[in-house]
Amino acid sequence: GVFVPAALAAIGRLAASGMLAPHLDPATLAAFEGATALADIWLDAAPMLFEVELDPAAARQEIEAYAANLGVDPAPALAALGNEPVRFSAVALDAEGHPLPVQNSDEGFALLFLDLPAEEAAEIAAAATRPFPAGLLTGVGLVVANPAFAAAELERKFDRSRYHGTVIWSWQQALMVAGLTRQLDRTDLPETARAALEKARTELLAAMAIADAVRGAELWSWSQANGVYRVEFFGQRAGDETESNAAQLWSTVSLARGVN
């Protein structure tokens, strides 16, 4: 839904630039120029396969039940929901092609690589930065997955002890900030969309600042006491299932963002 249309659009722009013309025969160049039309087809057809939409009342029930299972205060998450349906992109499709309703931080890729309608960009940003478990934002960062709206079996597969679960990855946060910044650099944003994007970036940066001491870690987990989140180091508990490796370059993502 993101990488294929983004790559095709880039191929189309490169072909249209004229830089390839001296090196390709006309037929091959024409095929490359046709990538732009293919990108539009992918953008029209692929993302819709991953769309999840929940009635607000049903979403509230799911949030309350999931928060109770985690021992997390649901009040901020419930307060962030309005009367509109809850929408986000599923993490994957099942064997029958149905979306698996696990909210995820991969939507940052859409903000960074796609030329989205302003309203869609603002909706992605707002959904991602709603308080967990209505969205992805905790007091110590943005979790990479939120299974609050999924079946109990998937909730267990995406818990705080799983590498791809309700844990915070430093580079995914940086990706989301970069995507929000790219969208805010646009000159065609209505004020409502700009305000939503700015609010999302401000709230995300504030959470990142609270967990600044672990910014050089690949990922970390969390706990909550009396409604306050705190960092928990990942991989040190007996139940943590980790693929973590301190030598991976994305542990240094703060350097790429220019953070001292």
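At a threshold of 4.5 Å between non-hydrogen side-chain atoms, the residues E119 and E123 do not count as touching. Between F50 and L93, some side-chain heavy-atom pair lies under the 4.5 Å cut-off. Looking at F233 and W220, their side chains never come closer than 4.5 Å, going by heavy atoms from C-beta outward. Residues L29 and H23 fail the side-chain proximity criterion, which asks for heavy atoms closer than 4.5 Å. The shortest side-chain heavy-atom distance between L8 and T36 does not fall under the 4.5 Å cut-off.
Minimum heavy-atom separation, A128 to L142: O-CD1, 3.6 Å. The heavy-atom pair separating A77 from I63 by the smallest distance is CB-CG2, 4.0 Å. Taking both residues in full, the closest heavy atoms of T166 and P147 are given as CG2-CD, 3.6 Å, listed atom of the first, atom of the second, then distance. Nearest heavy atoms, R130 versus A134: CB-C, 4.1 Å. When all heavy atoms of V102 and A145 are compared, the closest pair comes out as CG1-CB, 4.0 Å. The two atoms that bring G1 and P5 nearest to each other are O-CG, 3.5 Å, heavy atoms only.
V143 and V214 fall within a single hydrophobic cluster, where Ile, Leu, Val, Met, Phe, Trp and Tyr side chains are chained together by heavy-atom contacts under 4.5 Å. Under the 4.5 Å side-chain contact rule for hydrophobic residues, L189 and L116 share a cluster. Residues V144 and F88 do not share a hydrophobic cluster, defined by chaining ILVMFWY side chains whose heavy atoms lie under 4.5 Å apart. Hydrophobic clustering, with ILVMFWY side chains joined whenever heavy atoms are under 4.5 angstrom apart, keeps F109 apart from V4. Tracing side-chain contacts under 4.5 Å through hydrophobic residues (I, L, V, M, F, W, Y), one never reaches L49 starting from F149; they form parts of separate clusters.
Between the Q224 side chain and the D73 main chain, a donor and an acceptor come within less than 3.5 Å of each other. Between the W169 side chain and the Y163 main chain, a donor and an acceptor come within less than 3.5 Å of each other. For the pair N226 (side chain) and V228 (backbone), a donor-acceptor distance under 3.5 Å is absent. The closest donor-acceptor contact from the side chain of Q103 to the backbone of A127 lies under 3.5 Å. Between the S170 side chain and the A217 main chain, a donor and an acceptor come within less than 3.5 Å of each other. Within the 3.5 Å criterion, the main-chain N or O of P99 finds no donor-acceptor partner in the side chain of D94. Under a 3.5 Å cut-off, the side chain of T129 and the backbone N or O of A125 do form a donor-acceptor pair. Remark: the backbone N or O of P133 is paired with a side-chain donor or acceptor of N146 at under 3.5 angstrom. Side chain of R160 to main chain of G165: no donor-acceptor pair is present (N/O by atom type, distance under 3.5 Å, no hydrogens or angles).
Rounded to the nearest 0.5 angstrom, R60 CZ and L54 CG are separated by 12.5 Å. Distance check, rounded to the nearest 0.5 Å: CG of L111 to CG of D106 gives 11.5 Å. Note that CD of E120 and CD of Q183 are 9.5 Å apart. Values are rounded to the nearest 0.5 Å. Going from atom CH2 of W42 over to atom CG of L114 covers 12.5 Å, rounded to the nearest 0.5 Å. Distance CH2/W171 to OG/S105: 7.5 Å, rounded to 0.5 Å. Atom CD1 of I124 sits about 8.5 Å away from atom CE of M176, to the nearest 0.5 Å.
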(Q) If you apply the rule side-chain contact (heavy atoms from CB on, under 4.5 Å), what do you find for F158 with V167, and how did you get there? (A) CA-CA 9 Å; F158 287 91; V167 295; over 6 Å; no
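Ring to ring, W222 and Y229 are close: their centroids are under 6.0 angstrom apart.
With respect to the salt-bridge test (charged N to carboxylate O, under 4.0 angstrom), the residues E51 and R87 do not qualify. A salt bridge links E153 and K157; the closest N-O separation between the charged side-chain nitrogens and carboxylate oxygens is under 4.0 Å.
Of the N and O atoms on the side chains of S223 and R230, at least one donor lies less than 3.5 Å from an acceptor on the other residue. If you check the side chains of R201 and T181, you find a donor sitting under 3.5 Å from an acceptor.
When each of E232, Q173, E218, M208 is checked for a side-chain contact (heavy atoms from CB on, under 4.5 Å) with I168, only Q173 meets the rule.
For the side chain to side chain contact (heavy atoms under 4.5 Å, CB included) test, no residue two or more places apart in sequence or in another chain qualifies with A126.
Applying the salt bridge (Lys or Arg N to Asp or Glu O under 4.0 Å) definition to pairs two or more places apart or across chains, those involving residues 169-193 are D115-R182, R186-D188.
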